[in-house]
Each structure stands twice: as structure tokens, then as C-alpha cells.
Amino acid sequence: MVSTLDQFVEREIYVISTDGRQYQGILKGFDQAVNLIVSQCKLISWNQDCPRDEIDCQIMIIRGDTVVLLGLKDPAMELPDIADPIPQIIHT
Amino acid sequence: MSVQFHPLFKTIAERDTRITITLKNNIELSGKLHYIDTNLNMNITDVTTEDPHLVGVEKCFIRGNSVKFLSFDYQNITTELLDDLIRRESQKLE
């Protein structure tokens, strides 16, 4: 069951979505379809030849079908400033 | 189909086998399979990866529909259960 996501609630998580962006924040809730509620959300993306781009958002609800990977992160580890963009996934 | 494969994956999870997962966006990561369900949703612990976007990851949850393939050590698995299920399934069709 998706209830194994319990262990991530109220903790700092990051999410990679199908459009190749990364969301970082605190997981507040989830449901069976892995729809997520993330507070203090930061939207992070990488583009060719420019440093990483961050946008602060308040609360975000991420639809489950766009979620690729949800992880627990060691906050001490810094993301790279320059990296290749994450490839998109197109579900057919 | 993944319903038939589920017992096989469950034995892998029970033995804490290290597996390598390739996602549809070509991110590759390996770790201990902690939990898996019939949709191939997975919980991975002890994650190691070369991918720069995933630095400092310890545990993660992967949504099943973004998995391209899994690979694991053949020595560590038994296919008896899988064989059995497939046989029963084919008998049903007859």
C-alpha cells in the first residue's frame, strides 16, 4: 500500500516530477494515488548552461500521476549548482 | 501482469536484496528493496546513485509507473513461485 509514505510525513522531502522538475518541502499529506501536499515548497529546475533555478511557493498540491520519485534528503547535502536537466517522462 | 510477479518481488524484499532500478527518465539508482506493491510502487533504503540530482538521498519512494526496469542478482532469487503461478494462470486459459 501507499501507506508506506507515512514515514515521510512532516519531514523534509524532495519530489522529482515527470516534467523534470524537482520540488523540495515538508510533506503534509498524501493519498492512495500519491497526490501530495507539500508545504514550504521550493521548485527547483536545472537548465543548460545556467545555474540552478529556485522558486519559492507556499503550499503545493502535486498530482500523483506526475510523481516519479519521492525521497528523504540529508539537509546537509547541497544540490549541484550546474547539472544537466532531468529528462521528461511522457506516459503513453 | 505485475500481480503474478508480486510474490517474486516480495521474496526479494524479504531478503533485503540490493537491486538496481532504472527509471523512465534514465535515472539509475540502487538500494535495498524494502517494500513493493502490485503497482510496482517501491520503497528503497540505503540508496546509492551516481545521479547529481539525487545527492544525499537515503530513503526513497518510487511510483511504479515511472519504472523502466529492475535488475538484480540472479543467484538471489527463486522462480518456483512464479513458475507455479504462471502455470496455474495458463491452465485457467485452457
Side-chain angles (χ1 to χ4, degrees), chain A residues 1-9 11-24 27 30-36 38 44-47 51-53 62-92, chain B residues 1-3 5-7 9-72:
Chain A
M1 294 299 269
V2 180
S3 56
T4 52
L5 280 175
D6 267 339
Q7 56 184 314
F8 298 115
V9 173
R11 299 184 71 173
E12 180 114 2
I13 55 136
Y14 74 105
V15 177
I16 291 178
S17 66
T18 48
D19 57 4
R21 285 189 276 199
Q22 186 165 323
Y23 300 87
Q24 231 175 69
L27 183 66
F30 64 90
D31 72 2
Q32 284 300 304
V34 204
N35 297 322
L36 306 172
V38 182
I44 301 166
S45 56
W46 286 271
N47 290 302
R52 121 175 149 251
D53 187 25
I62 304 172
R63 198 179 140 84
D65 58 2
T66 67
V67 173
V68 174
L69 185 147
L70 183 155
L72 201 63
K73 198 155 192 167
D74 180 1
M77 297 290 273
E78 273 289 312
L79 285 166
D81 274 335
I82 292 176
D84 289 333
I86 304 172
Q88 291 190 9
I89 296 179
I90 298 158
H91 293 299
T92 46
Chain B
M1 199 56 193
S2 44
V3 178
F5 277 87
H6 190 236
F9 289 136
K10 248 171 76 182
T11 53
I12 294 168
E14 277 159 13
R15 291 179 194 177
D16 264 349
T17 314
R18 278 197 91 79
I19 60 167
T20 306
I21 302 139
T22 304
L23 303 178
K24 284 180 187 168
N25 54 9
N26 292 326
I27 290 177
E28 205 179 283
L29 53 113
S30 70
K32 281 183 186 162
L33 183 63
H34 184 254
Y35 177 83
I36 190 161
D37 72 8
T38 49
N39 293 320
L40 240 57
N41 292 330
M42 283 176 278
N43 262 31
I44 311 290
T45 55
D46 283 356
V47 178
T48 56
T49 175
E50 302 275 292
D51 199 280
H53 308 103
L54 295 176
V55 284
V57 182
E58 306 146 7
K59 274 190 219 173
C60 71
F61 169 88
I62 297 169
R63 201 171 193 265
N65 69 346
S66 59
V67 174
K68 194 187 271 176
F69 56 82
L70 307 173
S71 51
F72 40 77

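Protein chains get the first letters and strands the later ones, always in sequence-line order, with residue 1 at the start of each. Reckoned from all heavy atoms, side chains included, excluding hydrogens, waters and symmetry mates.
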task = Please confirm whether the backbone N or O of B:Gly64 pairs with a side-chain atom of B:Asn39, one donor and one acceptor, at under 3.5 Å?
result =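 Flag not set: sc B:Asn39 to bb B:Gly64 has no pair under 3.5 Å.
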query = With distance as the sole test, does B:Ser30 use its side chain to make a donor-acceptor pair with the main-chain N or O of B:Thr20 at under 3.5 Å?
reply = no
inquiry  = Give me the atom names and distance for the closest heavy-atom approach of B:Lys59 to A:Phe8.
reply    =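 Shortest heavy-atom separation between B:Lys59 and A:Phe8 comes out as CB-CE2, 4.2 Å.
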note = Filtered by a 4.5 Å non-hydrogen cutoff, the part of residues 42-53 of chain B contacting chain A is B:Asn43, B:Pro52, B:His53
message = If only side-chain N and O atoms count, and only distance matters, is there a donor-acceptor pair under 3.5 Å linking B:Lys68 with B:Asn26?
response =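 Side-chain D/A pair, B:Asn26 to B:Lys68: present.
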ask   = Taking atom OH of A:Tyr23 and atom CD1 of A:Ile16, what is their separation to the nearest 0.5 Å?
value =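 So the gap between those two atoms works out to 11.5 Å.
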request  = Nearest 0.5 Å please: distance from the CZ atom of B:Phe61 over to the CG atom of A:Leu27.
outcome  = 11.0 Å
task = Only counting residues at least two apart or in another chain, list the ones meeting salt bridge (charged side-chain N to carboxylate O under 4.0 Å, His left out) with A:Asp31.
result =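 Here no residue qualifies.
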query = Side chain, backbone, both or neither: which part of B:Ile62 has a heavy atom under 4.5 Å from chain A?
reply =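 Contact with chain A is through both the backbone and side chain of B:Ile62.
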ask   = Within a radius of less than 6.0 Å around NZ of B:Lys10, do more than 12 heavy atoms belonging to other residues, nucleotides or ligands occur?
value = no
inquiry  = Less than 4.5 Å to any heavy atom of chain B: does that hold for the side chain of A:Ile90, its backbone, both, or neither?
reply    = neither
query = Checking heavy atoms, do the side chain of A:Leu69, its backbone, both or neither come under 4.5 Å from chain B?
reply = both
key: Among the listed options B:Leu54, B:Val67, B:Leu23, the residue most often paired with chain A at heavy-atom distances under 4.5 Å   =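 It is B:Leu54.
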